[in-house]
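One structure is given below, encoded as structure tokens.
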Amino acid sequence: MLWIMRFSGFFSAAMLMIILSPSLQSFPPAEAIRSSYLEFNLRQSVRPSLSDSQSRFLFRRSPTYRNADQCSLSYSKFSDRVGVCDPSLVHVAITLDFEYLRGSIAAVNSILQHSLCPESVFFHFLVTETNLEAVVRSAFPQLKFKVYYFNPAIVQNLISTSVRQPLEQPLNYARNYLAELLESCVRRVIYLDSDLVVVDDISKLWSTNLYSRTIGAPEYCHANFSKYFTSRFWLEKRFSGTFLGRKPCYFNTGVMVIDLVQWRRAGFTKRIERWMEIQKTNRIYELGSLPPFLLVFAGDVAPIEHRWNQHGLGGDNVKGSCRNLHAGPVSILHWSGSGKPWMRLDSKKPCPLDSLWSPYDLYDHSH
């Protein structure tokens, strides 16, 4: 409850505090972090210092987050190195780009703050721009992470126009290639969008039982599933027939637990690419990277509690639209949609729930 008391000035409604209280708890520190295993896998040369473009993004250094006594990590007390293949690690993948960098840094900060074992979280950052490692390193000097360069040319010719231009960015499609980008020893990964904060222990999401399915995500079966595809899709059986024998439900791809072993075995990247190729010539959907995931996985998703993706806080595609939380406990607050909390806070036009994001913001306003 200390977290809520510290930031109680942000909340005007007592009911909101009651809803959030089960999951907004920090964990007591125990041992000092010993490791700062930092690997860099960019396929282009990178300068060690911050570039001029990076100087726009100066972040305060995060607190030192420590493991509790009961945490296990397979490294020696006399070594500061933990390999990415260590079986005790929790793997989290997040994209990094200049437009959403502030959100990504806040997401990482929130994960560490609420983890019982923050030393055991390994971050896989997907980028299309170089020189972002130094920004992460400056904010989280002891973070375990690796940076992976995603070549935009891989999907450039597969991307179709969408209802919002940001949805057309190649980095939005990097999640389709996690199985190829990450080391083969990484068998499972949590993929998270950059516009969310985690207010619960990420290891709870990591331990989700996928029941032999490839991905797990909160499903929303009450949503109008048909609206995610064009009338042509539903009229032509060669397209709509893909859902025969399935009961497809909408799920948000901003929070997913992915079994990479099964993904690689079944070749799901190629299946997603095939639907993107069909879209280029037949226009079967309007949104960016979501519909191909629905076409491949909807109706075959391991259900995860809705608390793990309270999405839509960005107001969908309507600027200035403020949303309320759904009833029930909250583990992830997700500002999906066009309204991002850092932009609204800076413009002095925040929505009430944007105050729940600001405690994790490490952006240095002084420069």
Side-chain angles (χ1 to χ4, degrees), residues 3 19-27 65 67-68 70-73 84 86-95 103-126 143-145 174-175 178-179 182 186-220 249-263 293 297 300-313 325-326 328-336 356-357 360:
W3 190 93
I19 293 174
L20 291 175
S21 60
S23 54
L24 295 183
Q25 298 181 17
S26 298
F27 296 97
Y65 297 109
N67 266 12
Q70 59 266 46
C71 300
S72 63
L73 198 56
V84 67
D86 191 300
S88 68
L89 294 173
V90 171
H91 295 277
V92 178
I94 299 177
T95 59
S104 299
I105 295 294
V108 172
N109 194 31
S110 71
I111 292 169
L112 296 175
Q113 180 171 332
H114 292 284
S115 291
L116 183 67
C117 306
E119 290 184 76
S120 301
V121 183
F122 194 103
F123 290 89
H124 304 263
F125 294 120
L126 313 178
L143 191 70
K144 300 179 184 69
F145 72 91
R175 74 193 83 183
L178 284 168
L182 273 56
V186 180
R187 303 174 60 86
R188 171 182 285 216
V189 69
I190 298 172
Y191 175 82
L192 298 176
D193 273 351
S194 299
D195 53 357
L196 56 77
V197 291
V198 180
V199 293
D200 205 342
D201 190 342
I202 196 70
S203 67
K204 297 177 184 176
L205 181 59
W206 174 256
S207 61
T208 297
N209 190 337
L210 297 183
Y211 300 101
S212 76
R213 294 186 171 96
T214 303
I215 69 170
E219 290 185 296
Y220 302 87
C249 293
Y250 163 76
F251 62 93
N252 181 280
T253 52
V255 178
M256 295 185 292
V257 181
I258 305 174
D259 184 327
L260 295 175
V261 175
Q262 290 199 165
W263 185 294
F293 259 86
F297 292 109
D300 194 25
V301 175
I304 293 176
E305 289 182 86
H306 288 178
R307 66 187 300 159
W308 287 105
N309 194 356
Q310 284 261 1
H311 68 286
L313 303 185
L325 290 175
H326 303 295
V330 180
S331 294
I332 287 181
L333 297 154
H334 187 185
W335 279 262
S336 57
L356 298 176
W357 179 88
Y360 305 101

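Computed from a predicted model, the values in this text were never measured in an experiment. Quick note: numbers below take in every heavy atom, side chains included, and nothing from hydrogens, waters or symmetry partners.
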Does the side chain of Ile215 come within less than 4.5 Å of Val257's, by heavy atoms?
-> no

Do Arg213 and Phe297 have side-chain heavy atoms sitting under 4.5 Å apart?
-> no

Proximity of Tyr360 and His114 rings by center, below 6.0 Å | yes

Which of Asn109, Leu143, Val121 passes side chain to side chain contact (heavy atoms under 4.5 Å, CB included) with Tyr65? It is Asn109

Correct closest heavy-atom pair for Arg175 and Gly254 would be NH1-N, 4.0 Å

With side-chain contact (heavy atoms from CB on, under 4.5 Å) as the test, would you mind laying out the steps for Leu333 and Trp357 before giving the verdict?
-> CA-CA 8 Å; Leu333 297 154; Trp357 179 88; over 6 Å; no

Is the closest basic N to carboxylate O distance between Asp86 and Lys144 below 4.0 Å?
-> no

Donor-acceptor pair, side chain of Gln262 and main chain of Ser212, under 3.5 angstrom = yes

Please round to the nearest 0.5 Å and tell me the distance separating atom CH2 of Trp335 and atom CG of Leu196.
-> 8.5 Å

Between Arg188 and Asp259, is there a side-chain N and carboxylate O pair less than 4.0 Å apart?
-> no

Output the distance between atom OG (Ser336) and atom CG (Leu313), rounded to the nearest 0.5 Å.
-> 7.0 Å

Can you see which heavy atom on Val198 is nearest to which on Trp308, and at what distance?
-> CG1-CZ3, 4.4 Å

Any luck finding a side-chain donor-acceptor pair between Ser194 and Thr95 under 3.5 Å?
-> yes

Would you indicate whether the side-chain heavy atoms of Val197 and Ile332 approach each other to under 4.5 Å?
-> no

Distance-only, no hydrogens or angles: does the His306 side chain make a donor-acceptor pair with backbone N or O of Glu219 under 3.5 Å?
-> yes

Minimum side-chain heavy-atom gap Leu178-Leu126 below 4.5 Å | yes

Got a second to check how far Ser110's OG is from Leu192's CG, nearest 0.5 Å?
-> 8.5 Å

Measure the acute angle between the ring planes of His124 and Phe122, then classify it against the limits of 30° and 60° as parallel, tilted or perpendicular.
-> tilted

If you round to the nearest 0.5 Å, how far is CG of Asn67 from SG of Cys117?
-> 5.0 Å

Does CZ belonging to Arg187 count more than 12 external heavy atoms closer than 6.0 Å?
-> no

Write down the atom of Thr214, the atom of Leu210, and the distance for their closest heavy-atom approach.
-> O-CD1, 3.9 Å

In this structure, NE2 of His91 is separated from CZ of Phe123 (nearest 0.5 Å) by 12.0 Å

Does a donor on one side chain and an acceptor on the other come within less than 3.5 Å for Asn252 and Tyr220?
-> no

Approximate separation, where rounding is to 0.5 Å, of Asp200 CG and Ser115 OG = 9.5 Å

How about Ile304 and Phe251: do any of their side-chain heavy atoms sit closer than 4.5 Å?
-> no

Kindly assign one of parallel, tilted or perpendicular to the pair His334 and His311, based on the angle between their ring planes and the thresholds 30° and 60°.
-> tilted

Heavy-atom distance under 4.5 Å between the side chains of Ile94 and Tyr191, does that happen here?
-> no

